[in-house]
Protein chains: 2
Amino acid sequence: MNRTYKQIQQITLAVDCIIFGFDTDQLEVLLVHRGFEPEKERWSLMGGFVRNEEDLDEAANRVLRNLSGLNNVYMEQVRTFGKANRDPYERVVSTTYSALILKKDYKAEFIKEYRAEWFPIHDLPDLIFDHKDMVVSALQRLQRRVRSVPIGFNLLPGKFTLPQLQKLYEGILGEKIDKRNFRKKLGTMDFLVRLDEKDRSQSKKGAFLYRFDKKKYNKAKSFSI
Amino acid sequence: MNRTYKQIQQITLAVDCIIFGFDTDQLEVLLVHRGFEPEKERWSLMGGFVRNEEDLDEAANRVLRNLSGLNNVYMEQVRTFGKANRDPYERVVSTTYSALILKKDYKAEFIKEYRAEWFPIHDLPDLIFDHKDMVVSALQRLQRRVRSVPIGFNLLPGKFTLPQLQKLYEGILGEKIDKRNFRKKLGTMDFLVRLDEKDRSQSKKGAFLYRFDKKKYNKAKSFSI
DNA sequence: AAAATGAGTGTACTACATACACTTAATAAT
DNA sequence: ATTATTAAGTGTATGTAGTACACTCATTTT
């Protein structure tokens, strides 16, 4: 392979994070407001440049940690955007990563510091460069993935109710789910164990609490909503 | 965003191509033999560095064209490999692209020039760096994708028989498919039109020829094997 | 005692995946 | 001419998973 390119290549490598947030109903995306030129007053994803000694995955985690205070959040690479003119000011290739968090875990102090804001996924402001495409591809991937891997449970407390779980899936998928069919499917998953406790905060009758049994799940590793 | 990284970032950006080939039965991968140090005598994917003015996708197509003579081949980005030490000699981040071609379209002159060779997907030699992981992820993606998008038809001539089509899918998926069930599914797809001709090269009886009607497919755009 | 609220439950129907074996058309061999 | 050979072509029964749909239950409030 030709090593001489190394000297003449001048492409900056960045990461951009699509941070999806959920609290009780709909899915939102965290964007930061640019208070400076170029592209002042527009919105963008949280991003940063990759350091020489750091893994690409690490770079994404660092960006998220620095700009949000969030640590140990599970992130997944989505895809790499590499059009030569995607950033009209300089040549930057950017790899996107997506994360899914609870909105309340994102602290207000960061909102202030970075002029960040949550936007409903179907009501986004104008975004710089190709960041809109980035959000779209990350959302598609998340919606596919959430159906076959139990990532949703990370957003719930250790003990949660089935109505809570259903609202979570409805929020992520952006569609209503039939209660009985949803429960029928979950009923076949033995890693979802019902406790002898109820949560009475949402109703008079109270809803049974469940927990996600990681060990049991790791044995079968099959999940489908 | 901090532009100063640009000056100090020294990461080379590369593309690596996973070229899957098929002729009549099994799926193979095209590898090139390294006749030089470092990593002499080992095998690697076809790769190259991204040029300053070129799209990432273009870079992948250029690499494929230069090393194989193949033009206008449909390639898809798979994922980006960015571990800091994945290449122990220098920091290189590599985006992988996958293509699916007919083995016979890859000309012998290139085999000689680049010491390239086809290997069955489940009988690969020792590969440099993380190229084995690259092949694995590209294969997984191809096998998922070939079930929901009619990419297989690109490998067949304009007129083809159902036994041919079935062998193609069996080769890509690496499993036998029941003839009747396969045909039952295809029977529901009206973009697959039977001609009044037969191909008698494989049997005395002859198999009806079909063609893929792109216009009809584009209307419905639903495909599932 | 009645009303209100959200939790919880079952069944019938439809669509899709799977398993499985013989007949047909044409040629080649005797 | 008869028979053997080869790959192409065809249908049915069974199981499994998805979907649509409406009432009862437990508890609190009025």
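The basis for the numbers below is simple: all heavy atoms, side chains too, and nothing from hydrogens, waters or symmetry mates. Below, chains carry the letters A, B, ... as their sequence lines are ordered, and counting in each starts from 1. Note that this is a predicted model, so its numbers are computed, not measured.
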Tell me the interatomic distance from [X], atom [atom1], to [N], atom [atom2], rounded to whole angstroms.
{"X": "B:Gln202", "N": "D:dG9", "atom1": "CD", "atom2": "C1'", "value": "16 Å"}
{"X": "A:Glu175", "N": "D:dT19", "atom1": "CD", "atom2": "C1'", "value": "13 Å"}
{"X": "A:Asp178", "N": "C:dA12", "atom1": "CG", "atom2": "P", "value": "16 Å"}
{"X": "B:Asp199", "N": "C:dA25", "atom1": "CG", "atom2": "C1'", "value": "15 Å"}
{"X": "B:Phe208", "N": "C:dA26", "atom1": "CZ", "atom2": "C1'", "value": "13 Å"}
{"X": "A:Asn181", "N": "D:dA17", "atom1": "CG", "atom2": "P", "value": "14 Å"}
{"X": "B:Phe182", "N": "D:dG11", "atom1": "CZ", "atom2": "P", "value": "18 Å"}
{"X": "B:Leu209", "N": "D:dA8", "atom1": "CG", "atom2": "C1'", "value": "13 Å"}

Counting the atoms with a prime plus P, OP1 and OP2 as sugar-phosphate, which does A:Arg183 contact under 4.0 Å by heavy atoms, base, sugar-phosphate, or nothing?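 Base, at least one base atom sits under 4.0 Å.
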
Any side-chain heavy-atom pair of A:Leu27 and A:Leu142 under 4.5 Å: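 Sidechains of A:Leu142 and A:Leu27: in contact.
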
Indicate yes or no: at least one non-hydrogen side-chain atom of A:Met75 is less than 4.5 angstrom from one of A:Asp57.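 A side-chain contact under 4.5 Å is absent here.
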
When you match A:Lys205 and B:Lys185 each to their closest nucleotide on DNA chain C, which lands nearer the 5' end?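 This one resolves to A:Lys205.
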
Quick check: on DNA chain C, is the nucleotide nearest B:Arg180 upstream (toward 5') of the one nearest B:Lys184, or the reverse? Name the residue that is more 5'.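 Its nucleotide being nearer the 5' end, the pick is B:Lys184.
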
Please verify the inter-ring angle class for B:Phe182 with B:Tyr169; under 30° counts as parallel, over 60° as perpendicular, anything in between as tilted.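 B:Phe182 vs B:Tyr169 ring planes: tilted.
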
Using the side-chain heavy atoms of B:Ser203, tell me which of these nucleotides is nearest: D:dG9, C:dA7, D:dA7.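 Among D:dG9, C:dA7, D:dA7, the one nearest the side chain of B:Ser203 is D:dA7.
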
Check: A:Phe223 ring centroid to A:Tyr217 ring centroid under 6.0 Å: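 Distance test on ring centres: not under 6.0 Å, no.
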
